[in-house]
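What you are looking at is a predicted structure, and each value in this text was computed from that prediction instead of being measured. To find a chain, count down the sequence lines: A is the first, B the second, and so on, and within it residues start at 1.
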Amino acid sequence: MKIYLAKIFSEAASKLNLPADAPVFFDKPKSEQHGDLATNLPLMLTKILKKNPMEIGAQIVESLVYDASVIEKVELVRPGFINIFFNPVYLTQIIKEILEQKENFGKSDKYAGKTANVEFVSANPTGPLTVGHGRNAVCGDTIAHMLEWVGYDVTREYYFNNAGRQMRVLGDSVRLRYLELCGQQNEFPEDYYQGEYIREIAERVKAKHGDSLLNEPAEGIFKDAAESEIFELIKQSLERLGIKHKLFYNENTLYTDGRIEGLLAKFREMGISYEKDGATWLKLSEMGNDQDKVIVKNTGEPTYRLPDIAYHITKYERGYDLIVDLFGSDHNATYPDVLAALKVLGYDTDKVKVLIHQFVTIMQGSEIIKMSTRKANYITLDELIDEAGSDVVRFFFNMLNLGTHMNFDLELAKKHSDENPVFYLQYAHARICSIIRTAAETGLKGNVQNIHLLTEPDEQRLIKMLHRFAEDSLTAAEMLEPGRIATYLKELAATFHRFYVSIRIIGSEQKLAEARLAMAEAVKTTLANGLGILGVSAPERM
RNA sequence: GCCCCCGUAGCUCAGUGGAUUAGAGCAUUGGCCUCCGAAGCCAUGUGCGCAGGUUCGAGUCCUGCCGGGGGCACCA
């Protein structure tokens, strides 16, 4: 649609000898009276041509050559907008397209042949996933879906670290609980993992090994048991939300395959690292960042920055066209270091999109719940799924833009009533399914032969919504914003519900009824496709 | 002290520099089912944190301030 407009406008522009690079930009006007699409081109050209915008507009409109079966009317209004009205009959053709393309309707092949890597969740296996991780998990998966929707071949990846201090403490936490179970009282440090799941792991270790591990160090059996059990829990939680990573990348492999050493050598060779106080520093201040940072501690252990850089290099080497990292806002200070280093090393950092989602504030009633894995003060993602269900959880996280500081209302999420926004969409889908069932009983079936009859305002509004799907889902993918899909679907559902109450399908004149039913099926398909991107089910009945 | 994010209706949030009139949902109040599913529809509102600036035009861009969240470790 916009492509066609761009074409006829550029033809007009060349006739008028207007600058070819003029910013032709079409926009959906807020008011229906202003047409279906509008451009402010005359206003934009005022500056360049130093002429009255209305004069420029008049010339453009005069030179426009368009097909009357596509565009019904073009009008110029003050102070310098050109409004375009589409031909209603032409618009109805979309219904035919949708019913032919079915689950593929709205997809784009714009990025076909490209590959993308989406790294998300990436929580270390120190405890069950919390509601806070839920946002990252759901949005990451939806972003991956969106990229697939527009043609990318996507690798969903989970990066984790099973070495380091956190994991030692975890192993030792299990060890101490085990000793307790064996009758050896001990002081359980406050900064150890307090969660009940630690005891459960210790119980299973004891069931398997009895008292034989009294002198076993934390690092071995205890840590390994904790890691594998917790990782299983995490994978199960994710699976309940329909999330499956293709690759779990262990930070440790970066050490065993020599990448860390190699990278350090490279930094030395390039003269961008130096030794001070027994530690190795990276000259980030020379790369435009605030200050130099330590990459190897005086204990000889690297800080997270070094493996992070090495890890991203592996992503480049694996040849992705797009690299997406989704982090919580607690990481917002770390990624600039990594990007700066990559840039100095000669990598194209434009390929990397670092997305930061803001934290989730959990509200239970009016009470704010502060969460901490260490203190075992949290609501797990599993508990939330138990109570609210996967669809609600996915929709809640998907319906907000990443930058929004989210207030997650547990009470609302648990309510299976009209207060819960996800049901609004699912209901529209189920309602259409019901209509189709009822119609079938009387032998009525959708038919695209007569869709040109759909010219009522409520029908046209709905048809125009259908036109927006492909474009809106492409924009959502390019902007990496799941919330846009949800916003679109809410509008589509609302438009359908309004149509439903004002216009009858079954019971109207046969040809009209068939056309309307075909349109309803198109809406159903579009809703299902959109919900599919979000990972939310489209039920036939509720 | 510095950096990132946010501030839109009572509440949760949309809003890609444009048009007399800034939108949804929930909550409130009042209507709508002998008729395709009322988990729906219609009606109901003194709202863009404050102050400047850029622009023909600012919720949207810039600066400052106020308020909230997250960071600024030889923790990840």
Side-chain angles (χ1 to χ4, degrees), chain A residues 25 27-31 33-34 38 40 43-44 46-47 53 77-81 83 122-124 126 161 164-167 251 276-281 289-291 293-305 307-308 328-336 356-359 361 363 366 396 399-409 412 416-428 430-439 441-442 444 475 479 483-484 486-488 490-491 493-494 496-508 513 516-517 520 541-542:
Chain A
F25 190 68
D27 214 24
K28 185 180 153 287
K30 281 177 187 164
S31 165
Q33 293 163 27
H34 300 129
N40 60 350
L43 289 170
M44 301 298 281
T46 301
K47 244 178 235 159
V77 293
R78 280 186 302 176
F81 291 95
N83 297 331
S122 294
N124 286 340
T126 58
N161 174 17
R165 209 186 84 86
Q166 266 189 54
M167 293 300 291
E251 179 185 320
K276 195 180 94 182
D277 305 330
T280 306
W281 296 67
N289 286 19
D290 289 355
Q291 46 188 306
K293 296 277 171 60
V294 171
I295 49 174
V296 181
K297 302 183 230 171
N298 61 14
T299 60
E301 271 183 304
T303 62
Y304 67 90
R305 263 176 277 267
D308 259 18
S329 64
D330 53 338
H331 283 71
N332 78 48
T334 70
Y335 72 89
I356 302 289
H357 69 262
Q358 296 305 309
F359 273 7
T361 304
M363 309 284 294
S366 56
F396 263 64
M399 72 182 175
L400 302 183
N401 290 330
L402 296 174
T404 306
H405 292 271
M406 178 179 186
N407 277 312
F408 195 109
D409 186 340
L412 179 60
H416 280 225
S417 75
D418 57 357
E419 286 173 54
N420 198 322
V422 68
F423 297 118
Y424 187 75
L425 305 186
Q426 294 186 317
Y427 182 67
R431 201 176 212 185
I432 295 170
C433 290
S434 171
I435 295 167
I436 293 169
R437 281 194 301 268
T438 308
E441 283 167 20
T442 63
L444 182 67
T475 306
M479 294 180 75
R484 286 174 173 269
T487 301
Y488 169 81
K490 280 195 264 188
E491 280 181 51
F496 176 76
H497 285 311
R498 252 174 264 137
F499 158 80
Y500 174 87
V501 295
S502 65
I503 293 181
R504 291 192 61 78
I505 297 172
I506 298 170
S508 46
R516 285 174 179 163
L517 198 54
R541 299 168 202 270
M542 294 173 67

C5(B) to A76(B) separation - P atoms, rounded to the nearest Å:
26 Å
C1' gap between C35(B) and C41(B), integer Å:
15 Å
Among G70(B), C74(B), U16(B), the one nearest any side-chain atom of Thr303(A) is C74(B)
How does protein reach along nucleotides 8-13 of chain B, written 5' to 3' as B (base within reach of a heavy atom under 4.0 Å), S (only sugar-phosphate), or - (no contact)?
----SS
Whole-Å gap separating C1' (G7(B)) and CZ (Phe359(A))
19 Å
Given the C1' atoms of U54(B) and U21(B), what is the spacing between them in whole Å?
26 Å
Starting at atom CZ of Phe423(A), determine the distance to atom P of C26(B), rounded to an integer number of angstrom.
14 Å
Of the candidate nucleotides A38(B), C72(B), A76(B), which contains the atom at the shortest distance from the side chain of Tyr427(A)?
A38(B)
Could you tell me which non-hydrogen atom of Lys490(A) sits nearest to which non-hydrogen atom of Tyr424(A), and how far apart they are?
O-CE2, 3.8 Å
Can you work out whether Arg541(A) or Ala493(A) has the more 5'-proximal nearest nucleotide on RNA chain B?
Arg541(A)
For Gln166(A) and C75(B), what is the distance between atoms CD and P respectively, to the nearest whole Å?
12 Å
Residue whose nearest RNA chain B nucleotide is more 5′ - Gln291(A) or Glu251(A)
Gln291(A)
For U8(B) and G25(B), measure between their C1' atoms and round to the nearest Å.
15 Å
Lys297(A) NZ to C75(B) C1', straight-line distance once rounded to whole Å:
7 Å
The side chain of Arg498(A) lies closest to which of these nucleotides: A39(B), C42(B), C74(B)?
C42(B)
Note: Met399(A) and Pro421(A) closest approach over all heavy atoms is SD-CG, 3.9 Å
Taking only the P atom of each, what is the distance from C62(B) to G7(B) in whole angstrom?
13 Å
With rounding to whole Å, what would you report as the distance between C56(B) and G71(B) at their P atoms?
43 Å
Between Arg431(A) and Tyr500(A), is NZ or CZ placed under 6.0 angstrom from the six-membered ring centre and within 45° of the ring axis?
yes
Minimum heavy-atom distance Ile435(A)-Ile506(A), with the two atoms named
O-CD1, 3.8 Å
Any donor-acceptor pair under 3.5 Å between the side chain of Ser329(A) and the base of G70(B)?
no
Looking only at heavy atoms, the pair that brings Asn401(A) and Arg484(A) closest together is OD1-N, 4.2 Å
Could you check how far CG of Asn332(A) sits from P of G70(B), rounded to whole Å?
11 Å
Could you check if the base of C33(B) is syn or anti? Syn means the glycosidic torsion is within 90 degrees of 0.
syn
Rounded to whole angstrom units, what separation is found between the CG atom of Asn289(A) and the P atom of C2(B)?
18 Å
Counting side-chain heavy atoms from CB outward, which of A38(B), A76(B), G69(B) is closest to Gln358(A)?
G69(B)
So if I take every side-chain heavy atom of Thr438(A) and compare against C36(B), C74(B), C41(B), which nucleotide ends up nearest?
C36(B)
Using every non-hydrogen atom in the two residues, find where Asn298(A) and Asp277(A) come nearest and quote the distance to one decimal.
CB-O, 3.8 Å
Please report, rounded to the nearest Å, how far the P atom of A76(B) is from the OH atom of Tyr335(A).
20 Å
Rounding to an integer number of angstrom, what distance separates A38(B) and G45(B) when you compare their P atoms?
27 Å
How would RNA chain B look in dot-bracket form, 5' to 3', counting Watson-Crick and G-U wobble pairs with both distances under 3.5 Å and writing | for bases paired to another strand?
(((((((..((((.........))))..((((.......)))).....(((((.......))))))))))))....
Tell me the interatomic distance from Tyr304(A), atom OH, to C75(B), atom P, rounded to whole angstroms.
11 Å
Measuring only the P atom in each nucleotide, how far is C6(B) from C61(B)? A whole number of Å is fine.
9 Å
